[in-house]
Amino acid sequence: MRRPILLSLAASLPCLFAGAIMAQVGGPGRDAPRLRGPEPFTREVPAPPMQRQITDDIRRRRNYPDQPPLIPHSIEGYALDLNANKCLSCHSRKFTEQSQAPMISVTHYQDRDGNFLGGVAPRRYACLACHVPQTTAQPLVDNLFTDMDALAEPERRSR
Ligand code: HEC
Ligand code: HEC
């Protein structure tokens with residue numbers, strides 16, 4: 001008789017956890033954005049306006065040292081396919097003298113085991129998988145990110 005009760009308890013635990021997580025995400029004042037669109041779904045609403053890209057050429061501070069830096073310039077119309085990679089025409093080692101762009105870092109010339117390659121590693125070819133431009137859009141939910149330096153500051157002062 002005991003077994004089935006224990007089993008059903010164990011089965012309901014994941015739901016309890018999921019509930020607790022949902023409660024944290026959707027706390028007061030920070031409800032997750034609706035993803036379902038208008039209600040009823042047959043109602044047509046105008047598309048939200050396109051956001052303006054930030055193209056001020058000012059390099060953004062990284063939130064942590066190995067964050068892929070954000071792209072501070074326009075990338076409209078830049079080809080990035082099997083035959084052409086516009087990004088490399090400025091950022092590869094060969095072309096930085098002409099372009100005055102920061103060179104892709106040494107990690108982009110290493111394979112996953114850290115071996116150095118003669119050219120850009122295939123796993124770094126699709127730049128936009130990691131580097132993204134920014135827009136003027138407001139965040140959908142509050143961002144509570146705290147910089148590592150701010151976290152370390154009280155500790156440093158107490159020393
Ligand atoms: C015409 C030359 C040119 C092309 C093409 C180009 N970039 Fe850049 N990029 C620059 C220059 C110059 C900078 C330095 C900041 C500035 O002037 O905008 C830069 C800055 C960056 C940065 C910021 C680096 C940092 O340390 O903050 C990233 C990331 C970047 N580019 C990625 C890309 C990607 C991805 C592409 C292709 C989609 C690309 N760039 C295409 C010239 C170029
Ligand atoms: C798999 C993710 C990934 C891909 C793909 C990738 N990068 Fe990066 N990139 C990073 C990370 C992470 C950093 C910061 C740490 C480092 O230097 O390795 C970085 C750094 C950079 C920097 C700054 C270098 C410096 O020394 O300040 C530039 C410029 C850059 N990448 C351009 C590119 C371009 C252009 C491409 C495409 C040819 C590309 N990256 C592809 C992850 C990536």
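Atoms within a ligand are numbered from 1 in the order they appear, just like the ligands themselves.
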The closest protein heavy-atom partner of atom 22 (C) of ligand 1 is Pro72 CD, 3.5 Å
(message) Contact between Arg60 and Ile54 at the side-chain level, heavy atoms closer than 4.5 Å - yes or no?
(response) yes
heavy-atom search around atom 23 (C) of ligand 1 in the protein gives Leu70 O, 3.4 Å
Exactly one candidate in Ile58, Asp57, Asp56 meets side chain to side chain contact (heavy atoms under 4.5 Å, CB included) with His73; the answer is Asp57
Check: Of all the heavy atoms in Ile71, does at least one lie under 4.0 Å from an atom in ligand 1?
Finding: yes
Q) Does Pro102 reach the side chain of Thr96, with side-chain heavy atoms less than 4.5 Å apart? A) no
Closest to atom 43 (C) of ligand 1 by heavy-atom distance, out of Cys90, Pro69, Ala79, is Cys90
In this structure, atom 10 (C) of ligand 2 is nearest to the protein heavy atom Arg124 NH1, 3.3 Å
Among non-hydrogen protein atoms, atom 16 (C) of ligand 2 lies closest to Ser105 OG, 3.1 Å
Regarding ligand 2, does Thr107 bring an N or O atom to under 3.5 Å of one of the ligand's N or O atoms? yes
Under 4.5 Å between any side-chain heavy atoms of Arg59 and Pro69, yes or no? no
For atom 19 (C) of ligand 2, the closest protein heavy atom turns out to be His108 CE1, 3.3 Å
For the 3.5 Å polar cut-off, considering only N or O atoms, please tell me whether Ser99 and ligand 1 meet it. no
If you scan protein heavy atoms around atom 21 (C) of ligand 2, the nearest is His131 CE1, 3.5 Å
Any donor and acceptor pair, going by atom type alone, linking the side chain of Asn85 with main-chain N or O of Tyr125 inside 3.5 Å?
-> yes
Spell out, as yes or no, whether a donor-acceptor pair under 3.5 Å connects the side chain of Glu97 to the backbone of Lys94. no
Atom 4 (C) of ligand 2 has as its nearest protein heavy atom Cys130 SG, 3.4 Å
Any heavy atom of Leu88 under 4.0 Å from ligand 2? The part involved is side chain
N or O contact, Arg59 vs ligand 1, cut-off under 3.5 Å
yes
**Prompt:** Are side-chain heavy atoms of Leu128 and Ile71 found at a separation under 4.5 Å?
**Reply:** yes
If you scan protein heavy atoms around atom 38 (C) of ligand 2, the nearest is Cys127 SG, 2.6 Å
the protein heavy atom lying closest to atom 15 (C) of ligand 1 turns out to be Asp57 O, 3.8 Å
Quick note on ligand 2: atoms under 4.0 Å from a heavy atom of Asp66 include exactly 12 (C)
State, yes or no, whether a side-chain contact exists between Cys90 and Gln98 at a heavy-atom distance under 4.5 Å. no
CD of Glu76 to CD of Gln53, rounded to nearest 0.5 Å, is 7.0 Å
Checking heavy atoms under 4.0 Å, the part of Gln67 that sits near ligand 2 is backbone
If you scan protein heavy atoms around atom 11 (C) of ligand 1, the nearest is Ala101 CB, 3.7 Å
Any side-chain to backbone donor/acceptor pair from Asp113 onto Asn115? Under 3.5 Å, distance only. no
among protein heavy atoms, the one nearest atom 39 (C) of ligand 1 is His73 CE1, 3.3 Å
One finds that the ligand 1 atoms under 4.0 Å from a non-hydrogen atom of Lys86 are 5 (C)
At under 4.0 Å between heavy atoms, what of Arg123 touches ligand 2? The answer is backbone
Is any side-chain heavy atom of Arg62 less than 4.5 Å from a side-chain heavy atom of Pro68? no
#### Entry: Backbone of Lys86 reached by a side-chain donor or acceptor of Ser89 within 3.5 Å
yes
Should we say atom CZ of Phe145 is surrounded by more than 12 heavy atoms from elsewhere, each under 6.0 Å from it?
yes
To the nearest 0.5 Å, atom NE2 of His131 lies from atom NE2 of His91 at 8.5 Å
Filtering Pro68, Ala129, Cys87, Ala126 for the heavy atom nearest atom 36 (C) of ligand 1 leaves Cys87
Exercise. Side chains of Ile104 and Tyr109: closer than 4.5 Å at any heavy-atom pair?
Worked result: yes
- Message: So for ligand 1, is His91 a polar contact partner (N or O within less than 3.5 Å, distance only)?
- Response: yes
When distances are taken from atom 14 (C) of ligand 2, the protein heavy atom at minimum range is Arg62 NH1, 3.3 Å
shortest atom 28 (C) of ligand 2-to-protein heavy-atom contact is with Ile104 CA, 4.0 Å
Going by the 4.0 angstrom heavy-atom rule, the piece of Met103 near ligand 2 is backbone
Any side-chain heavy atom of Arg123 sitting closer than 4.5 Å to one from Arg112?
-> yes
In this structure, atom 13 (C) of ligand 1 is nearest to the protein heavy atom Pro102 CD, 3.5 Å
